[in-house]
Structures are given as structure tokens and as C-alpha cells.
Engineer: 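Handing you this structure, nothing more for now.
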Number of protein chains: 2
Amino acid sequence: MYYCVMYSKELLKGTLQPIILNLLKDNKRMYGYEITQKVKELTNGKIGITEGALYPALHKLEAEGVLRVEEEFIGKRIRKYYMLTKSGTSAVNEKLNEFSDFLTTIQQLLKPSLS
Amino acid sequence: MYYCVMYSKELLKGTLQPIILNLLKDNKRMYGYEITQKVKELTNGKIGITEGALYPALHKLEAEGVLRVEEEFIGKRIRKYYMLTKSGTSAVNEKLNEFSDFLTTIQQLLKPSLS
DNA sequence: TCCAATACATAAGATTTTTATGTATTATTG
DNA sequence: CAATAATACATAAAAATCTTATGTATTGGA
């Protein structure tokens with residue numbers, strides 16, 4: 001399965017982190033599988049995150065101190081809830097603003113005739 | 001020097017090809033260095049393409065048959081003009097539409113509260 | 001004359017993502 | 001009730017892309 005079902009895979013490079021951080025900013029607490037489903041739902045299936053990309057990304061953000069994790073057992077199955085740390089929260093707003101600004105710049109660049 | 005001066009470098013992954021193709025679609029014929037300057041100009045210095053990223057990308061697009069090259073001597077210095085091939089032109093429109101659509105999807109995903 | 005800008009190029013290393021697995025639990029459906 | 005799909009985690013090899021660091025050479029300007 002592709003990271004992205006509808007779009008070419010190359011397009012999604014660099015977008016995974018912002019997507020994760022934005023979801024955790026809005027939802028406070030999410031586990032990995034939930035994130036994949038939420039993204040699929042919010043994009044009408046256009047963007048599908050692969051687990052091979054997601055879990056390493058979550059581990060990296062945790063190692064950097066941006067996220068922390070709370071483990072819970074649902075029956076016999078473990079579930080790892082991720083949330084922004086205090087220091088992560090302040091950093092995330094800047095990161096997301098930058099990303100948003102960047103997207104706007106790219107769009108202007110691709111439509112110079114309309115500017 | 002960064003690929004991008006203002007933005008974090010991670011952000012620009014995957015955007016180089018669309019940027020190149022879009023410029024060549026509008027300008028018919030451009031050489032590498034010209035592309036770096038045009039992008040800098042159009043984004044007010046926010047996006048700077050490194051040569052280490054650009055030249056391999058141009059060579060790859062040429063190898064794929066999307067671009068073709070015309071070499072010219074300006075004095076003693078060579079200049080390589082790139083342009084879309086016939087088959088490249090039809091493919092590029094689809095690619096750029098896809099990229100544009102993708103950017104819209106990402107923006108909606110990052111602003112679910114406004115949808 | 002020297003430095004900055006122009007103009008090409010490549011190669012090592014880092015990072016990210018794909019692709020392919022692997023394990024195990026729980027829910028559904030024929 | 002057995003098989004399959006969905007849930008839920010994980011990792012590792014390979015591919016792709018980009019950064020960073022070089023390298024060469026010409027041309028323009030201070």
C-alpha cells in the first residue's frame with residue numbers, strides 16, 4: 001500500500017510531520033492507527049499514511065521531545081497515545097505557521113499569471 | 001547554502017520537480033542557473049534552489065524524456081537550455097494539476113475547523 | 001587585479017519514504 | 001465456528017531525494 005492512494009507518492013514528501021503535529025494539536029491525544037484513519041477520513045481517501053512511515057516518524061518526534069506517549073491496554077492489546085509535550089506545543093505553532101506560509105508561497109509560484 | 005533560505009529544508013521535499021515543470025511550461029526554454037534566479041525572484045528570496053538539487057533533477061527529467069536540451073555557447077561558456085518535449089508537455093499538465101489538487105487537500109487537512 | 005556572479009557538474013552523507021515483512025488481538029461474516 | 005478483515009503495534013532493506021561540500025571555468029565589475 002502506498003503512503004498515498006490517490007496522489008503520486010513523491011508529492012507527499014515532507015508533509016507527514018506537519019500532518020501529525022496538526023492533528024495532535026487539535027485532538028490532544030491520538031494513537032498511531034487512529035491517525036492513519038483520521039487522515040483518510042479528512043481527505044476522503046486521497047491521502048493514506050503507511051505504517052512504515054508513520055511509526056518511525058512518531059518515534060522520532062518522541063525522541064526529540066516534541067511528543068510524549070501514554071500506553072494503555074484495550075483488552076490484551078496495547079495502544080499508544082501520543083500527545084504534544086509542553087515544549088513541543090510552543091514549537092509546533094511555529095512549525096505549522098511556517099508550513100502554511102510555505103504552501104502559500106508554492107501556490108503563488110505555480111500560478112504567477114494570477115498574481 | 002540551503003535549498004531554501006527562509007523555510008526549513010525538510011519542507012521542500014517533493015516540490016522541486018513541479019516547480020521546474022511549471023516554469024518550463026510558462027517560459028518554453030530556460031537554463032539551470034536561470035531557473036534558480038527566477039524562483040528566487042518570484043518568491044522574494046523565500047525559496048532558493050541549490051545547484052546540487054537542481055542539476056540532478058534536470059538530468060533525470062531529461063533521461064525520462066520529459067525534457068530535452070539545447071546547448072549554446074555564450075562566448076566560451078556553455079549554456080544548456082531545457083524545454084518540454086512533446087510527450088513531456090501532455091504529461092506535465094496532469095502532473096501539475098495533481099500537485100495543485102494535492103496542495104489544496106493538504107491545506108484543507110491543516111485547517112479542518114474552517115471547512 | 002581581485003572578487004562576485006555566472007554556469008556547469010558530481011559525490012558522500014543524511015533523511016525520508018516505500019515496500020515488505022512480522023506479530024498478535026479483536027470483530028465480522030459466511 | 002472457522003476464516004478473514006480490521007485493528008495495532010513494529011522493524012529493516014532499498015529507493016529516492018536533498019544537503020553539503022567540492023570542483024572547474026568564464027565573465028563582469030569595483
Side-chain angles (χ1 to χ4, degrees), chain A residues 1-21 29-41 45 47-64 67 69-82 99 102, chain B residues 1-21 29-41 45 47-64 67 69-82 99 102:
Chain A
M1 188 229 209
Y2 288 98
Y3 168 62
C4 173
V5 188
M6 182 184 182
Y7 300 117
S8 305
K9 45 188 185 285
E10 313 89 65
L11 295 183
L12 291 122
K13 302 235 168 186
T15 59
L16 182 54
Q17 253 203 40
I19 288 172
I20 292 170
L21 296 176
R29 208 173 102 106
M30 293 182 88
Y31 56 97
Y33 188 77
E34 187 184 11
I35 291 174
T36 67
Q37 300 307 301
K38 193 72 178 174
V39 171
K40 202 184 287 176
E41 178 198 325
I47 295 177
I49 296 174
T50 58
E51 294 168 306
L54 179 66
Y55 291 116
L58 288 172
H59 299 161
K60 195 194 167 205
L61 288 167
E62 192 191 350
E64 289 171 355
L67 302 184
V69 71
E70 280 173 7
E71 304 194 354
E72 281 184 28
F73 277 93
I74 308 297
K76 288 178 183 174
R77 189 156 57 187
I78 204 166
R79 189 181 278 177
K80 297 192 174 179
Y81 283 96
Y82 287 90
F99 185 61
F102 168 69
Chain B
M1 188 224 203
Y2 288 98
Y3 167 63
C4 174
V5 187
M6 180 182 183
Y7 301 116
S8 305
K9 44 188 186 288
E10 313 88 64
L11 293 184
L12 291 122
K13 301 236 167 184
T15 59
L16 182 54
Q17 253 204 39
I19 287 172
I20 292 171
L21 295 176
R29 209 173 101 107
M30 293 181 89
Y31 56 98
Y33 188 76
E34 187 183 12
I35 291 174
T36 66
Q37 300 307 302
K38 193 71 179 176
V39 170
K40 202 184 286 175
E41 178 198 326
I47 295 178
I49 296 175
T50 58
E51 294 168 305
L54 179 66
Y55 291 116
L58 288 172
H59 298 162
K60 194 193 167 206
L61 287 167
E62 192 191 350
E64 290 171 355
L67 302 183
V69 71
E70 279 172 7
E71 304 194 355
E72 280 183 27
F73 277 93
I74 309 296
K76 288 180 182 173
R77 187 155 57 189
I78 204 166
R79 189 181 279 178
K80 296 193 175 179
Y81 282 98
Y82 287 90
F99 185 60
F102 168 69

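Protein chains get the first letters and strands the later ones, always in sequence-line order, with residue 1 at the start of each. These numbers come from the heavy atoms of this one structure, side chains and all, not from hydrogens, waters or symmetry mates.
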Engineer: Mark up nucleotides 8-14 of chain D, 5' to 3', with B wherever a protein heavy atom is under 4.0 angstrom from a base atom, S wherever such an atom reaches only the sugar-phosphate, and - elsewhere.
Structural biologist: BBBB---
Engineer: Please report, rounded to the nearest Å, how far the P atom of dT19(D) is from the CD1 atom of I47(B).
Structural biologist: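 That distance rounds to 11 Å.
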Engineer: Send over the distance from L54(B) CG to dT10(C) P, rounded to a whole Å.
Structural biologist: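 Distance check: L54(B) CG to dT10(C) P gives 12 Å.
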Engineer: How many Å lie between NZ on K76(A) and C1' on dT23(C), as a whole number?
Structural biologist: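 Rounded to whole Å, this separation is 15 Å.
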Engineer: Roughly how far, to the nearest 0.5 Å, is the CD atom of E72(A) from the CD1 atom of I78(A)?
Structural biologist: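 If we round to the nearest 0.5 Å, I78(A):CD1 and E72(A):CD are 10.0 Å apart.
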Engineer: Taking CE from M30(B) and P from dT6(C), how many angstroms apart are they, rounded to a whole number?
Structural biologist: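 In whole Å, dT6(C) P and M30(B) CE are 14 Å from each other.
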Engineer: Which whole-number value in Å describes the distance from E64(A) CD to dT16(C) C1'?
Structural biologist: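 E64(A) atom CD is separated from dT16(C) atom C1' by 13 Å.
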Engineer: Please round to the nearest 0.5 Å and tell me the distance separating atom NE2 of H59(B) and atom CG of L67(B).
Structural biologist: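 If I round to the nearest 0.5 Å, the distance is 10.5 Å.
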Engineer: Rounded to the nearest 0.5 Å, what's the gap from CD on E34(A) to OH on Y81(A)? Could you check?
Structural biologist: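 OH of Y81(A) is found 6.0 Å from CD of E34(A).
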Engineer: Could you give the distance from CG (L58(A)) to CD (E62(A)), rounded to the nearest 0.5 Å?
Structural biologist: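 Answer for the CG-CD pair, L58(A) versus E62(A), is 8.5 Å.
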Engineer: Could you measure the distance from the CD1 atom of I47(B) to the OG1 atom of T36(B)? Nearest 0.5 Å is fine.
Structural biologist: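 Separation between the atoms: 13.0 Å.
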Engineer: Using five pairs at each end of the helix from dT1(C)-dA30(D) to dG30(C)-dC1(D) to define an axis, what is the angle between those two axes, to 10°?
Structural biologist: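 Overall, the helix from dT1(C)-dA30(D) to dG30(C)-dC1(D) bends by 30° from one end axis to the other.
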Engineer: Kindly indicate, with the supporting measurements, whether the criterion side chain to side chain contact (heavy atoms under 4.5 Å, CB included) is fulfilled by Y31(B) and E71(B).
Structural biologist: CA-CA 9 Å; Y31(B) 56 98; E71(B) 304 194 355; over 6 Å; no
Engineer: Which residue in the set K80(A), R29(A), R79(A) passes side-chain hydrogen bond (donor to acceptor under 3.5 Å, both in side chains) when paired with E70(A)?
Structural biologist: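 That would be R29(A).
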Engineer: Quick one: do I35(B) and I19(B) satisfy side chain to side chain contact (heavy atoms under 4.5 Å, CB included)? Show the steps, please.
Structural biologist: CA-CA 9 Å; I35(B) 291 174; I19(B) 287 172; 5.5 Å; no
Engineer: Establish, with yes or no, whether the OP1 or OP2 oxygen of dT15(C) is under 4.0 angstrom from a side-chain nitrogen or oxygen of K60(A).
Structural biologist: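 No, outside the criterion.
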